[in-house]
Visitor: 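Take this structure, written in structure tokens, and hold onto it; I'll ask about it next.
Keep in mind it's a predicted model, so treat the numbers as computed, not measured.
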Amino acid sequence: MLLFGWNEILWMTATAIVIDMLIGDPRWPTHPVIWIGRLIKRLERLLRRGQETTGGEEPAALRRKGMILAAVTVGCSGAAMWLLVWVCSLLHPWLGYAVNTWFISTTIAIKGLKDAAYLVYRPLTDNRLEEARKYVGYIVGRDTERMDEPEITRAAVETVAENIVDAVVSPLFFALLGGAPLAMAYRATNTLDSMVGYKNDKYLYFGWCSARLDDVLNWLPARLTGVLLTLLAFADPRLSGARAWRAIRTFAHLHPSPNSGIPESAVAGALGVELGGLNYYGGVASDRARMGWPLKELNREHIVMTVRQLYGVGLLLFMGGLLWAQLLG
């Protein structure tokens, strides 16, 4: 049940974008995603009973347990958020507005992504590669010890591009549909995918439901992100909108994820660079599909240009929300 009207949700969502751009993730109180992560860990221990690999249980049983994990985590996150906003709205309507707006802002991470990218960018400007490798290691799972500037840049650009969907467009999409409760339910799904959605011995079956649910929820927002990135590229003379759109159609389907290839290929096409390629994980080589055309060599300024596209998407959604609110009323 919706706690607010569409016009109210539009205004609160637009305000949440501004809050996140200015303040970013709160240091206190504890970020909701941390609480969701703790819930996932406790539920996993309960459901797995110390089982570390798929060897001790049948795949079907593990999938059922994974479905329980996903249902309880997403259901509890959304229900707890709904209850909190409802109680605050009973106490005073403006308290309900404030709480709903604040918690929507915690489900997005525009400033957080920018800050993480600039922690990588700043050392590169002074040729401090060791420091840049350290900070890029915080945002990617691949080996970073031998990365040069183009590889460090590629890792940072890929991370920002991919997370334009997960950390911006998708949570705002669900916030518009159902306020903070639905946005938090989405964030729970995304957290599940990041914690258990791996294709390894431990999570291949147990994390299957979480990974597929994340794919389903991101399907439409990812394609909306591709459109927004293309529009931004057409509006910026330093980028190419036509090449961004062509890259989506040419390369996005090559990505192992049904959604992540769209923003990555759009950014690659717009910048005129090639993303993807050879990565190392624990010393093991992994050759990912290449996206875009290597018209320019990757360099640190491409990190800045990708962050501008990130903020551009946020501003487009902000202005779109305000315009829609005005039209409704």
Visitor: Who passes side chain to side chain contact (heavy atoms under 4.5 Å, CB included) against A155, sequence neighbours left out?
Guide: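 With sequence neighbours excluded, A155 shows a side chain to side chain contact (heavy atoms under 4.5 Å, CB included) to V136, V140, R142, M147, given in chain and number order.
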Visitor: Are the charged groups of E301 and K296 less than 4.0 angstrom apart, N to O?
Guide: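 Looking at E301 and K296, the cut-off is not met.
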Visitor: Can you tell me how far CG of N259 sits from CD of E162, rounded to the nearest 0.5 angstrom?
Guide: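 These two atoms lie 9.5 Å from each other.
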Visitor: Are I17 and V33 connected into the same hydrophobic cluster when the rule is that any two of I, L, V, M, F, W, Y join if their side-chain heavy atoms are below 4.5 Å apart?
Guide: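 No, V33 and I17 fall in different hydrophobic clusters.
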Visitor: Would K111 and D115 pass as an ion pair if we require N to O under 4.0 Å?
Guide: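 Yes, this pair counts.
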Visitor: Is there side-chain contact between M21 and V18, with at least one heavy-atom pair below 4.5 Å?
Guide: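 The answer is no, as the side chains (C-beta and beyond) never meet within the 4.5 Å cut-off.
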Visitor: When you look at T153 and L124, which way does the side chain to side chain contact (heavy atoms under 4.5 Å, CB included) test go after all the steps?
Guide: CA-CA 9 Å; T153 297; L124 288 176; 4.0 Å; yes
Visitor: Step by step, would you call E151 with R146 a side chain to side chain contact (heavy atoms under 4.5 Å, CB included)?
Guide: CA-CA 9 Å; E151 285 299 302; R146 299 180 181 178; over 6 Å; no
Visitor: Counting only N and O atoms by type, is there a donor-acceptor contact under 3.5 Å from the side chain of D25 to the main-chain atoms of G112?
Guide: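 Not at all, since once roles are kept as given, no pair shorter than 3.5 Å links the two residues.
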Visitor: If I compare all heavy atoms of A270 with all of Q309, which pair ends up nearest, and what's the gap?
Guide: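 Looking at all heavy atoms of both residues, the shortest contact is CB-OE1, 3.9 Å.
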Visitor: Is any NZ, NE, NH1 or NH2 atom of the basic residue among R133 and E145 found under 4.0 Å from an Asp or Glu carboxylate oxygen of the other?
Guide: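 Looking at R133 and E145, the cut-off is not met.
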Visitor: Looking at P123 and A132, what are the two nearest heavy atoms and their distance?
Guide: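 That closest heavy-atom pairing would be CB-N, 3.7 Å.
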Visitor: Would one find more than 12 heavy atoms of other residues, nucleotides or ligands at under 6.0 Å from atom CH2 of W35?
Guide: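 No, because the 6.0 Å sphere around CH2 of W35 holds 12 heavy atoms or fewer from other groups.
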Visitor: Determine whether V267 and M291 make a side-chain contact, defined as any pair of heavy atoms from C-beta on separated by less than 4.5 Å.
Guide: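 Of all side-chain heavy-atom pairs linking M291 with V267, none is under 4.5 Å.
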Visitor: Please name the pair of heavy atoms, one in T306 and one in A161, separated by the smallest distance, quoted to 0.1 Å.
Guide: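 That would be CG2-N, 4.3 Å.
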Visitor: Taking all heavy atoms of R187 and all of T107, pick out the closest pair and write down the distance.
Guide: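 It is NH2-O, 2.6 Å.
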Visitor: Do M305 and R238 come within less than 4.5 Å of each other through their side chains, counting heavy atoms only?
Guide: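 Answer yes - side chains close enough.
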Visitor: Please answer whether the main-chain N or O of F103 pairs with a side-chain N or O of T106 as donor and acceptor at a distance below 3.5 Å.
Guide: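 At least one qualifying donor-acceptor pair exists.
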Visitor: Are side-chain heavy atoms of T189 and D193 found at a separation under 4.5 Å?
Guide: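 A side-chain contact is absent here, since even the closest heavy-atom pair is not under 4.5 Å.
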Visitor: Quick one, I262 and V165 - any side-chain contact, counting heavy atoms below 4.5 Å?
Guide: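 Heavy-atom side-chain distance check fails, nothing below 4.5 Å.
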Visitor: If you measure from CZ on F4 to OG1 on T13, what distance do you get to the nearest 0.5 Å?
Guide: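 F4 CZ to T13 OG1: 10.5 Å, rounded to 0.5 Å.
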Visitor: Are W102 and Y97 near enough that their ring centres are under 6.0 Å apart?
Guide: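 Centroid separation for W102 and Y97: 6.0 Å or greater.
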Visitor: Are I68 and L47 side-chain neighbours, meaning at least one heavy-atom pair lies under 4.5 Å?
Guide: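 When only atoms from C-beta onward are counted, L47 and I68 do touch, with a gap below 4.5 Å.
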Visitor: Between CD1 of I36 and CE of M195, what distance do you get to the nearest 0.5 Å?
Guide: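 Separation between the atoms: 10.5 Å.
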Visitor: Atom OG1 in T144, atom CD in E130: separation rounded to 0.5 Å?
Guide: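 Rounded to the nearest 0.5 Å, the OG1-CD separation comes to 8.5 Å.
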Visitor: Hey, what's the ring geometry for F174 with Y186, parallel, tilted or perpendicular (30° and 60° as the breaks)?
Guide: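 Geometry flag for Y186 against F174: parallel rings.
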Visitor: Quick check on the hydrophobic clustering: are V273 and L278 connected, directly or via other members, by side-chain heavy-atom contacts under 4.5 Å?
Guide: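 As far as the 4.5 Å side-chain criterion goes, L278 and V273 are not connected within one cluster.
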Visitor: Look only at the side chain of R288 and the backbone of P256, and say whether a donor-acceptor pair between them is shorter than 3.5 Å.
Guide: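 Answer holds: no.
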Visitor: Heavy-atom distance under 4.5 Å between the side chains of C76 and L39, does that happen here?
Guide: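 Yes; the side chains approach each other to less than 4.5 Å.
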Visitor: Check the orientation of W86 and W82. Use parallel for under 30°, tilted for 30 to 60°, and perpendicular for over 60°.
Guide: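 Ring orientation, 0 to 90° scale: parallel.
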Visitor: Atom CZ of R308 and atom CG of D236: how far apart are they, to the nearest 0.5 Å?
Guide: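 Here the interatomic distance stands at 8.0 Å.
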Visitor: Knowing that exactly one of R64, K65, R63, R49 qualifies, which makes a salt bridge (Lys or Arg N to Asp or Glu O under 4.0 Å) with E57?
Guide: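 Answer after filtering R64, K65, R63, R49: K65.
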Visitor: Could you check whether any side-chain N or O of D214 sits under 3.5 Å from a backbone N or O of S210, counting only pairs where one atom can act as donor and the other as acceptor?
Guide: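 The answer is no, because no donor-acceptor pair under 3.5 Å joins these two groups.
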Visitor: Holding to side chain to side chain contact (heavy atoms under 4.5 Å, CB included), I want the full list of residues that pass it with F173, two or more places apart in sequence or in another chain.
Guide: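 By the side chain to side chain contact (heavy atoms under 4.5 Å, CB included) rule, F173 matches L177, L220, P221.
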Visitor: Checking S194 side chain against T191 main chain: does a donor-acceptor pair fall under 3.5 Å?
Guide: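 The answer is yes, because a donor-acceptor pair under 3.5 Å joins these two groups.
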Visitor: Count the heavy atoms of every other residue, nucleotide or ligand shown that sit under 6.0 Å from OH of Y281, and state whether that count exceeds 12.
Guide: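 Result for OH/Y281: enclosed.
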Visitor: Strictly by modelled atom types, are R154 and N279 linked by a side-chain donor-acceptor pair under 3.5 Å?
Guide: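 There is such a pair (donor and acceptor under 3.5 Å, judged by atom type) between the side chains of R154 and N279.
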Visitor: Mind checking whether V157 and Y280 sit in one hydrophobic cluster, side chains of I, L, V, M, F, W, Y counted as touching below 4.5 Å?
Guide: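 The answer is no; the residues belong to distinct hydrophobic clusters.
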Visitor: Might you point out which heavy atoms bring I248 and S265 nearest each other, and give the distance in Å?
Guide: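 Looking at all heavy atoms of both residues, the shortest contact is CA-OG, 3.4 Å.
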Visitor: Cluster question for you: counting only ILVMFWY and a side-chain heavy-atom cut-off of under 4.5 Å, with indirect links fine, are L182 and V216 together?
Guide: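 No, separate clusters.
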Visitor: Quick one: does NZ or CZ of R223 land under 6.0 Å from the six-membered ring centre of W219, within 45 degrees of the ring axis?
Guide: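 Yes, R223 sits over the ring of W219.
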Visitor: Between Y203 and Y198, how do the two ring planes meet: parallel, tilted or perpendicular, split at 30° and 60°?
Guide: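 Tilted: the ring planes of Y203 and Y198 meet at 30° to 60°.
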Visitor: Do V304 and V313 share a hydrophobic cluster (ILVMFWY, side-chain heavy atoms under 4.5 Å, transitive)?
Guide: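 Yes, one cluster joins them.
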Visitor: Using ring centroids (six-membered ring only for Trp), state whether Y205 and W208 fall under 6.0 Å.
Guide: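 Centroid separation for W208 and Y205: 6.0 Å or greater.
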Visitor: Would you say CE of M67 has more than 12 non-hydrogen atoms from neighbouring residues, nucleotides or ligands within 6.0 angstrom?
Guide: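 Open: at most 12 neighbouring heavy atoms sit under 6.0 Å from CE of M67.
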Visitor: Go through it in stages, so that I can follow the logic: the residues are V307 and L113, the test is side chain to side chain contact (heavy atoms under 4.5 Å, CB included), and I'd like the CA-CA distance, side-chain angles, deciding distance and then a yes or no.
Guide: CA-CA 8 Å; V307 168; L113 274 175; over 6 Å; no
Visitor: Can you tell me how far CD1 of I164 sits from CD of E264, rounded to the nearest 0.5 angstrom?
Guide: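 Here the rounded value is 10.0 Å.
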Visitor: Charged N to carboxylate O under 4.0 angstrom, K41 versus E44?
Guide: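 Not counted as a salt bridge, because no side-chain N and carboxylate O are separated by less than 4.0 Å.
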Visitor: Could you work out, with salt bridge (charged side-chain N to carboxylate O under 4.0 Å, His left out) as the rule, every residue matching R212, not counting sequence neighbours?
Guide: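 Partners of R212 under the salt bridge (charged side-chain N to carboxylate O under 4.0 Å, His left out) test: D215.
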Visitor: Looking at A156 and I303, what are the two nearest heavy atoms and their distance?
Guide: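 Scanning both residues, the minimum pair turns out to be CB-CD1, 3.9 Å.
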Visitor: Is L69 close to T73 at the side-chain level, that is, under 4.5 Å between some pair of heavy atoms?
Guide: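 Yes, close enough: below the 4.5 Å cut-off.
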Visitor: Which is it for Y121 and H302 under the side chain to side chain contact (heavy atoms under 4.5 Å, CB included) test, yes or no, and what are the steps along the way?
Guide: CA-CA 9 Å; Y121 168 76; H302 288 120; over 6 Å; no
Visitor: Yes or no on side chain to side chain donor-acceptor pair (under 3.5 Å) for N218 and S170, after CA distance, side-chain angles and deciding distance?
Guide: CA-CA 6 Å; N218 281 319; S170 285; 2.5 Å; yes
Visitor: Heavy-atom count around R249 CZ within 6.0 Å, excluding the residue itself: above 12?
Guide: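 No, the 6.0 Å shell around CZ holds no more than 12 heavy atoms from other groups.
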